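Here is the structure we will look at, set down as structure tokens.
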Amino acid sequence: QVQLQESGPGLVKPSQTLSLTCTVSGRTFSSYVMGWFRQAPGKERESVAAISWSGVTTYYADSVKGRFTISRDNAKNTVYLQMNSLKPEDTAVYYCAASARWVTALSGYNYWGQGTQVTVSS
């Protein structure tokens with residue numbers, strides 16, 4: 001069984017930086033594509049970023065491109081999301097997820113963390 005645990009909840013001001021971490025246990029981490037998703041109040045969950053098994057290929061939603069960076073450390077079973085220049089509209093619960101295939105849509109991910117709250121407010 002694969003278990004994912006996000007960490008790094010935070011309250012930050014607009015334009016500040018926050019990093020999220022997701023640690024995976026239970027199976028070989030390097031066999032999974034990892035994704036970050038978010039869900040704002042009253043909205044559907046949406047894809048934020050994804051990273052391939054080795055980290056060579058990445059994907060970003062247009063809304064975060066140039067501000068967020070996804071990375072992974074297969075030796076530590078960990079995926080990261082560095083969020084720069086945060087905006088109030090980035091406020092959401094952020095989830096990490098794992099998939100055996102290269103996919104960016106929610107439906108392609110089999111395993112999910114419980115989520116961590118990120119609030120961007122002055």
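Please read these numbers as outputs of a predicted model, since none were measured by experiment. For reference, positions follow the sequence shown, starting with 1.
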Test item: side-chain donor near acceptor, N77 and T23, under 3.5 Å: no

Stepwise side-chain contact (heavy atoms from CB on, under 4.5 Å) check, F37 with E46: CA-CA 5 Å; F37 297 81; E46 63 178 3; over 6 Å; no

Under 3.5 Å donor-acceptor, E6 side chain and C96 backbone: yes

Please report the shortest heavy-atom distance between [X] and [Y], naming the atom on each side.
| X | Y | answer |
| --- | --- | --- |
| A50 | Y109 | CB-OH, 3.6 Å |
| A61 | S47 | CB-O, 3.5 Å |
| S121 | P14 | C-CD, 3.7 Å |
| A92 | A40 | CB-N, 3.8 Å |
| S99 | V103 | OG-CG1, 3.4 Å |

Does the side chain of [X] reach to within under 4.5 Å of the side chain of [Y], using non-hydrogen atoms?
| X | Y | result |
| --- | --- | --- |
| D90 | R67 | yes |
| T91 | R38 | no |
| S19 | Y80 | no |

Contacts of N74 that satisfy side-chain hydrogen bond (donor to acceptor under 3.5 Å, both in side chains) - sequence neighbours left out: R72

With a 6.0 Å cut-off (strictly less than), is the heavy-atom count around [atom1] of [X], excluding the residue itself, greater than 12?
| X | atom1 | value |
| --- | --- | --- |
| K43 | NZ | no |
| E44 | CD | no |
| Q114 | CD | no |

side-chain contact (heavy atoms from CB on, under 4.5 Å) between R45 and W112, intermediate numbers included: CA-CA 12 Å; R45 193 173 300 188; W112 291 83; 3.4 Å; yes

Fellow cluster residues of V118, listed by chain then number, with links counted only when side-chain atoms sit under 4.5 Å apart: V2, L4, V12, L18, L20, V24, F29, Y32, M34, W36, V48, I51, Y60, V64, F68, I70, V79, L81, M83, L86, Y94, Y111, V120

